[in-house]
Amino acid sequence: MQTPLMAIHHHLIAAIRQCLGQADWSPAESLVVPASRPEFGDFQSNIALTLAKPLGQKPRDLATAIVQQLPSDAPYEPPEVAGPGFINFRLQKTYVESWLKYQMQDPRCGVPQAAQPETVIVDFSSPNIAKEMHVGHLRSTIIGDCLARLFEFLGHRVLRLNHVGDWGTQFGMLIAYLQEVHPEFFTGQKEVDLGDLVTFYRQAKQRFDSDENFQNRARQMVVKLQAGDPELIAAWKFLCELSRREFQQIYDLLDVQLVERGESFYNPFLADVVAELKAKGLAVLDQGAWCVFVEGFTSPDGSPLPLIIQKSDGGYNYATTDLAALRYRVQQDGAQRIIYVTDIGQSQHFAQVFAVAQKAGWIPPGVQCIHVPFGLVLGEDGKKFRTRSGETVRLKDLLDEAIRRAQQDIETRFAAEQRQESPAYIQQLARAIGISAVKYADLSQNRLSNYVFSYDKMLALQGNTAPYMLYAYVRVQGIARKGGVDFTNLVPEFALTEPTEFTLAKHLIQFPDVIAQMAVDLLPNRLCQYLFELSQKFNQFYDQCPVLAAPEPDRTSRLGLAYLTAKILKLGLSLLGIPVVERM
RNA sequence: GGGCUUGUAGCUCAGUGGAUCAGAGCACUUGACUACGGAUCAAGGUGUCGGGGGUUCGAAUCCCUCCAAGCCCGCCA
């Protein structure tokens with residue numbers, strides 16, 4: 001079913017085509033948007049103001065002419081031309097009510113399935129093997145998961161790829177070091193965890209930087225490894241497995257699904273990628289390395305900046321891997337959209353990779369490669385988020401701390417309310433709230449900017465936080481419990497009377513438009529904003545309108561509003577990767 | 001030197017291809033519990049939208065320029 005916004009949109013297009021006498025006219029920008037102020041109605045169109053000038057007409061006259069071409073049986077009151085030429089739309093009450101009813105019975109809350117399902121790859125998280133996940137992986141993991149959930153919900157085939165750093169010079173270094181200093185590592189005689197590995201990695205790096213003989217051994221190891229030496233492959237697999245177990249704990253905690261397909265996966269295709277670029281005349285030998293130059297990229301010294309696809313020592317680097325991955329994803333996975341969720345610092349790299357792939361003909365028409373960048377996580381001092389001692393914050397520690405603080409809050413509050421709950425329940429609740437708070441704090445921020453990480457703010461019960469929204473949901477469940485109402489069997493006739501009911505209702509029916517917009521701009525904070533406003537509007541309604549105590553038909557109608565609010569909150573939060581709780 | 005991102009209320013941030021855009025939350029002050037959970041709601045804003053130009057009937061938003069912060073820029077990813 002068309003949303004009100006879409007209905008008005010289509011009416012306007014038809015009307016404008018009539019007025020202009022152009023059957024193929026289509027708008028360059030959005031024709032109709034939600035009204036900026038309630039007193040101007042529900043939706044507004046500014047199109048007459050934009051169109052009038054080139055036509056040499058007065059905006060108000062054009063607006064009036066457009067209004068006259070709108071259908072007379074439309075689901076809105078006769079539109080008004082206001083001010084210099086705005087067209088204001090006010091939805092008919094019965095139309096709003098019928099839309100609410102439609103959303104009530106639709107499991108998707110009115111959001112249509114994609115007409116043309118695509119294969120969408122979301123490349124996110126991507127930690128490095130033999131290192132721990134740290135705060136730097138937080139945003140990619142959370143934002144990537146959110147976008148994957150969005151596209152899955154819209155009905156696309158989504159491949160969630162974890163492009164882990166599992167291939168490269170660091171492994172030669174690490175394996176060489178372990179063989180020499182900790183041979184027991186490979187024999188299983190000693191229990192090791194990822195923490196040990198990280199220590200070893202640091203030591204290996206130190207050795208690598210200071211000892212030339214060691215450097216050579218490490219390089220030979222890489223060559224042997226990449227050539228498929230069985231012993232080294234086994235060692236490498238052991239390292240990967242160790243890391244994988246550790247990563248999985250975090251993904252389980254975050255409830256994030258990923259398919260691991262690391263850099264090593266594309267190893268067999270690297271030589272061919274380079275060969276193809278050479279054959280197409282795109283690769284040139286420069287200072288001993290094979291490079292592709294594309295316009296618009298400049299080095300610090302002002303010379304053109306190459307994308308190096310084969311190093312002077314014959315090895316390949318991440319640019320080669322990224323190109324091989326891109327080609328594979330298009331040609332083998334059949335991806336129509338490839339979304340890369342990485343920090344904004346890699347923007348230039350991806351722009352370059354996409355440009356080279358474009359030149360090489362690996363991005364056919366209809367395929368989009370999209371870099372979805374995000375800013376840094378900062379500490380409360382405004383600098384890169386670190387521990388007190390200046391170390392990088394381990395992701396596990398960060399999440400555990402959020403849960404610990406959530407639990408503390410809960411226990412304090414329960415004690416104040418003299419509420420008895422089982423330790424298991426408290427633990428589970430703390431986990432849900434702690435993780436949700438971290439996720440929501442991240443997603444509610446415009447992803448392009450850096451944001452300040454604050455446990456106190458994200459766990460606050462007031463404001464634009466996960467707990468505030470979860471509480472709104474819990475309130476609805478409270479109504480159901482208290483009234484013994486089974487929402488799932490509710491088939492309400494809506495009868496809106498109070499202002500807060502209308503305000504809430506009109507916000508509820510905008511949900512599908514918000515989701516549609518999010519699929520275009522890939523900004524989760526827009527959905528967060530919507531859900532926050534929904535919670536606010538619900539709380540205002542809740543404050544003003546008794547539900548259970550109301551006489552019919554208000555009681556049923558209000559139960560419907562409450563239930564639909566909860567339903568949309570639950571669905572919306574699920575797209576953010578945040579679960580709801582029934583009590584808190 | 002080139003490029004990218006950011007700069008909006010005391011604090012944290014929305015709004016960014018125009019008009020009906022000066023907003024939210026926090027903090028602070030004051031009200032509202034014999035109503036479904038008060039983890040709520042209501043009321044309270046003296047901001048050069050980083051500065052300066054420009055385009056326009058109209059600019060936080062578009063263009064130019066300058067300033068500040070952060071990041072990226074040939075064999076790491």
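Throughout, a chain's letter reflects where its sequence line sits, starting with A, and its residues are numbered from 1.
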Notebook entry, point to check: Looking at A/Ala48 and A/Pro59, what are the two nearest heavy atoms and their distance?
Noted result: CB-O, 3.7 Å
Item checked: Contact summary for A/Leu531 and A/Gly572, nearest pair of heavy atoms -> CD1-C, 3.7 Å
Next item on the list: For B/G7 and B/C26, measure between their P atoms and round to the nearest Å.
Entry: 22 Å
Notebook entry, point to check: What's the closest nucleotide to the A/Asn88 side chain, out of B/C36, B/G70, B/U20?
Noted result: B/U20
Item checked: Taking every non-hydrogen atom, the tightest pair across A/Asn88 and A/Ala82 -> ND2-CB, 3.5 Å
Notebook entry, point to check: Under 4.0 angstrom, heavy atoms only, what part of the nucleic acid is A/Cys528 near: base, sugar-phosphate, or nothing?
Noted result: nothing
Check: For the side chain of A/Lys482, counting heavy atoms from C-beta on, which of B/U12, B/A24, B/C36 is nearest?
Finding: B/C36
Note to self: Under 4.0 Å, heavy atoms only, any strand: does A/Gln462 hit a base, just the sugar-phosphate, or nothing?
What the structure shows: sugar-phosphate
Notebook entry, point to check: A/Arg526 side chain N/O closer than 4.0 Å to the phosphate oxygens (OP1, OP2) of B/G15?
Noted result: yes
Notebook entry, point to check: Expressed in whole Å, how much space separates the P atoms belonging to B/C64 and B/G25?
Noted result: 36 Å
Notebook entry, point to check: To the nearest Å, how far apart are A/Leu527 CG and B/A14 P?
Noted result: 16 Å
Next item on the list: Have a look at A/Thr50 and say if it touches a base, only the backbone sugar-phosphate, or nothing, with a 4.0 Å heavy-atom cut-off.
Entry: base
Item checked: Row check, A/Tyr425 ring normal vs A/Arg583 NZ/CZ: under 6.0 Å, within 45° -> yes
Check: For the ring pair A/Tyr76 and A/Phe43, is the centre-to-centre distance below 6.0 Å?
Finding: no
Next item on the list: Please measure how far the P atom in B/G53 lies from the corresponding atom in B/C13, and state the result in whole Å.
Entry: 29 Å
Next item on the list: Classify the nucleic acid contact of A/Ala460 as base, sugar-phosphate or nothing, counting any heavy atom under 4.0 Å across all strands shown.
Entry: nothing
Next item on the list: Please determine, for the side chain of A/Arg583, which listed nucleotide (B/A14, B/C4, B/G37) has the closest atom?
Entry: B/G37
Notebook entry, point to check: Can you find a side chain N or O atom of A/Tyr468 that sits less than 4.0 Å from OP1 or OP2 on B/C41?
Noted result: yes
Checklist line | Between B/C13 (P) and A/Asn450 (CG): distance, integer Å | finding: 9 Å
Note to self: Taking the ring of A/Tyr530 and the ring of A/His507, is the distance between their centroids below 6.0 Å?
What the structure shows: yes
Next item on the list: Using a heavy-atom cut-off of under 4.0 Å over every strand shown, decide if A/Gly83 touches base, sugar-phosphate, or nothing.
Entry: base
Item checked: P-based separation of B/U8 from B/G70 [nearest Å] -> 15 Å
Item checked: Sugar-phosphate only, base, or nothing, as touched by A/Arg419 at under 4.0 Å among non-hydrogen atoms -> base
Checklist line | Lys/Arg N to Asp/Glu carboxylate O, A/Asp209 vs A/Lys205, below 4.0 Å | finding: yes
Check: Expressed as a whole number of Å, how far does the C1' atom of B/A24 sit from that of B/C71?
Finding: 29 Å
Next item on the list: With C1' as the reference atom in both, quote the distance from B/C49 to B/A42 in angstrom, rounded to an integer.
Entry: 29 Å
Check: Reading RNA chain B 5' to 3', what string of ( ), [ ], | and . shows its pairs, if Watson-Crick and G-U wobble pairs count only when both distances fall under 3.5 Å?
Finding: (((((((..((((.........)))).(((((.......))))).....(((((.......))))))))))))....
Item checked: Sugar-phosphate only, base, or nothing, as touched by A/Tyr542 at under 4.0 Å among non-hydrogen atoms -> base
Notebook entry, point to check: Does A/Lys311 have any side-chain hydrogen bond (donor to acceptor under 3.5 Å, both in side chains) partners at least two apart in sequence or in another chain, and if so, which?
Noted result: none
Note to self: Distance check needed: B/U12 P versus A/Leu459 CG, whole Å only.
What the structure shows: 19 Å
Check: With a non-hydrogen cut-off below 4.0 angstrom, is A/Val474 in contact with a base, only sugar-phosphate, or nothing?
Finding: base
Item checked: Presence of A/Gln529 side-chain N/O under 4.0 Å of B/G23 phosphate oxygens OP1/OP2 -> no
Item checked: Residue A/Phe40, side-chain heavy atoms: nucleotide from B/C36, B/G38, B/U20 that is nearest -> B/U20
Notebook entry, point to check: Between A/Leu378 and A/Gln536, which is nearer to the 5' end of RNA chain B once each is assigned its nearest nucleotide?
Noted result: A/Leu378
Item checked: A/Tyr266 ring center within less than 6.0 Å of A/His163 ring center -> yes
Margin query: Just the rounded figure in Å: distance from C1' of B/A14 to CG of A/Asn464.
Written below: 9 Å
Item checked: Centroid separation A/Phe86 to A/Phe40 less than 6.0 Å -> no
Next item on the list: Using a 4.0 Å cut-off on protein heavy atoms (strictly under), produce a 5'-to-3' string for nucleotides 71-77 of chain B with B for base contact, S for backbone-only sugar-phosphate contact, and - for none.
Entry: SBBBBSB
Check: For A/Ser449 and B/G70, is the shortest distance between a side-chain N/O and OP1 or OP2 below 4.0 Å?
Finding: no
Note to self: With a 6.0 Å cut-off on the ring centroids, do A/Phe354 and A/His371 count as close?
What the structure shows: no
Margin query: Taking the cut-offs as 6.0 angstrom to the six-membered ring centre and 45 degrees off its axis, would you call A/Arg447 and A/Phe374 a cation-pi pair?
Written below: no
Next item on the list: Just call it for A/Val547: base, sugar-phosphate, or nothing, with non-hydrogen atoms closer than 4.0 Å on any strand.
Entry: base
Check: What is the distance from CG of A/Leu49 to C1' of B/A59, rounded to the nearest Å?
Finding: 15 Å
Check: With rounding to whole Å, what would you report as the distance between B/U65 and B/G3 at their P atoms?
Finding: 10 Å
Next item on the list: In whole angstrom, give the distance that lies between atom CG of A/Leu448 and atom C1' of B/G70.
Entry: 14 Å
Notebook entry, point to check: Does A/Lys53 put a side-chain nitrogen or oxygen below 4.0 Å from OP1 or OP2 of B/C57?
Noted result: yes
Item checked: Span that lies between the P atom of B/U61 and that of B/A69, in whole angstrom -> 23 Å
Notebook entry, point to check: Rounded to the nearest Å, what distance is computed from the CD atom of residue A/Glu582 to the P atom of nucleotide B/G37?
Noted result: 14 Å
Checklist line | Residue pair A/Gln477 / A/Val580, side-chain heavy-atom distance below 4.5 Å | finding: no
Check: Any side-chain N or O of A/Arg481 less than 4.0 Å from the OP1 or OP2 oxygen of B/G37?
Finding: no
Checklist line | 5' priority, RNA chain B, between A/Phe414 and A/Asn46 [closest heavy atom] | finding: A/Asn46
Check: A/Arg60 has an atom CZ; how far is it from atom P of B/U20, in whole Å?
Finding: 14 Å
